[in-house]
There are 2 protein chains.
Amino acid sequence: MPRLADHDHRRRQITDAARRVVARGGLPAATFQSIAAEADLSVRLVQYYFGTKDDVLRATRQAVAADAALHIASAVSEAADADAADPREVIRAILLEVLPVDAARRDDSMVLNAFFFDEITGGASDAPSRDAAGAANYLETLVRDRIVLTGTDRRTAEIDARLIVAAASGLAQAMLADRELAPQAGELLDRLLDRMLTHR
Amino acid sequence: MPRLADHDHRRRQITDAARRVVARGGLPAATFQSIAAEADLSVRLVQYYFGTKDDVLRATRQAVAADAALHIASAVSEAADADAADPREVIRAILLEVLPVDAARRDDSMVLNAFFFDEITGGASDAPSRDAAGAANYLETLVRDRIVLTGTDRRTAEIDARLIVAAASGLAQAMLADRELAPQAGELLDRLLDRMLTHR
DNA sequence: TCCTTTGTGATACGAACGTATCACTATGCT
DNA sequence: AGCATAGTGATACGTTCGTATCACAAAGGA
């Protein structure tokens, strides 16, 4: 049993490269050539590890979705630690973690959006594959649960959570189009939560 | 001066076809072949009227942006007629006009989003061409002006308008992913405006 | 040492697509 | 009738890209 290679590491190397390529130029920019070049590997090796291009993109999409979920989950636990009980602060932390406020998050947003619109337009061939769309649902659940903690009834909390996540997602979109918006993200978020989380 | 053809009509025929193709399959689906087939014209004629593919897409993008602006403007004037003075009803009418609540609006949203993300990823080659991004700005201005009418100070109105438009844009995105959301659009919008347009 | 896994390189083929060219037809004003 | 405009069809060329194949090199544990 000679020369055991770290397949998982290799695969991650490749999907990470694909992720960067997509972040830079969208899904159309993702070709065998561009991905291999970005990973500084031979085109052949990419073929070698993933048979077809669809396989590469499928794996990349799943990796991105999983990373995003982890990212959010860690933001939740951090916020929960720091500010033990205030649901509003937790929600704020989650959303601030998701908005494209810096280069890294900007890349994440771009990639997620690229896959999302590919799914919408039916670009994803055989599998249903609602990975990117699922991320928004996950966010909604998190936010909804936090709103319920404030004493809001479940149905209202559901609607409000949907609106809050929609607003964040729309803000993210706007920030992708206009980088100058990044510094205002915190302020906008505060204002949004002021308006959405107030009992009356 | 023989056989005068209606060039504008022809061009619109073609850009309309392109619009439908993009609505169905995104920008990657827009090829000379698919556009010509959709317009029921020869591939050659499309080349004949617009030299290159970029020209076709440029014209389509501009047509779509212009249509959207007209669409919104007419919604504004209708709402202003019906409910002469209530800014909230005008805003509601505008946003309901923009959300993908039916097939036609769904197509519009798809196309706008397709071009928008193309612009973001730098797909638009030479020209800056912020047509799609400009639409959101236009919306923000409209909403902001209506909010100012309620007595809110300008700076606050700007922020609120940005948040409202962001929420609508995020909702639109969610509705594109999940058609079942369409019937709830009105309710969600009402709730959003309840929360965002209340003085305190 | 040898054999298996791991990885490379060249190369080829076909499909989709954008683009250009040429020759040809049809139409309808003047 | 004649001619400029409008439109067609075939065809061909070059790219880019995905995919498949073949032979070969390297490396390290048994």
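Note on naming: letters A, B, ... go to the chains in the order of the sequence lines (proteins, then strands), and numbering restarts at 1 for each one.
A straight line from CD of B:Q47 to C1' of D:dT11 spans 12 Å, rounded to a whole angstrom. The interatomic distance linking A:F50 (CZ) with D:dC17 (P) rounds to 20 Å, in whole Å. A:L57 places its CG atom 12 Å from the C1' atom of D:dG18, with the value rounded to the nearest Å. Going from atom NZ of A:K53 over to atom P of C:dA15 covers 18 Å, rounded to whole Å. A:D40 places its CG atom 10 Å from the P atom of C:dT8, with the value rounded to the nearest Å. One can place CZ of B:F32 at 16 Å from C1' of D:dT8, the figure rounded to the nearest angstrom. Look at OH on A:Y48: it is 17 Å from P on D:dA23, rounded to the nearest Å. Following rounding to the nearest Å, A:R10 (CZ) and C:dT5 (P) show an atom-to-atom distance of 18 Å.
The 5' end of DNA chain D is approached more closely, in terms of each residue's nearest nucleotide, by B:H7 than by the other of B:R44 and B:H7.
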For A:L197 and A:T150, what are the C-alpha separation, side-chain angles and deciding distance, and is it a side chain to side chain contact (heavy atoms under 4.5 Å, CB included)? CA-CA 9 Å; A:L197 293 182; A:T150 68; 5.9 Å; no
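Other residues, nucleotides and ligands contribute over 12 non-hydrogen atoms within 6.0 Å of the CG atom of B:D153. Within 6.0 Å of atom CG in A:D102, more than 12 heavy atoms from other residues, nucleotides or ligands are found, so the atom counts as buried in its surroundings.
Residue B:Q33 places no side-chain atom within donor-acceptor reach of the base of C:dA16, judged by atom type and a 3.5 Å distance cut-off alone.
Side-chain atoms of B:S34 and B:T31 form a donor-acceptor pair, as typed in the model, at a separation below 3.5 Å.
Distance from the side chain of A:T52 is smallest to D:dT19 among D:dT8, C:dG7, D:dT19. Considering only side-chain atoms of B:S42, the nucleotide from C:dG18, D:dG9, C:dG7 that sits closest is D:dG9.
For the OP1/OP2 pair of D:dG7 and a distance below 4.0 Å, the side-chain nitrogens and oxygens of B:Y49 include at least one atom meeting the criterion.
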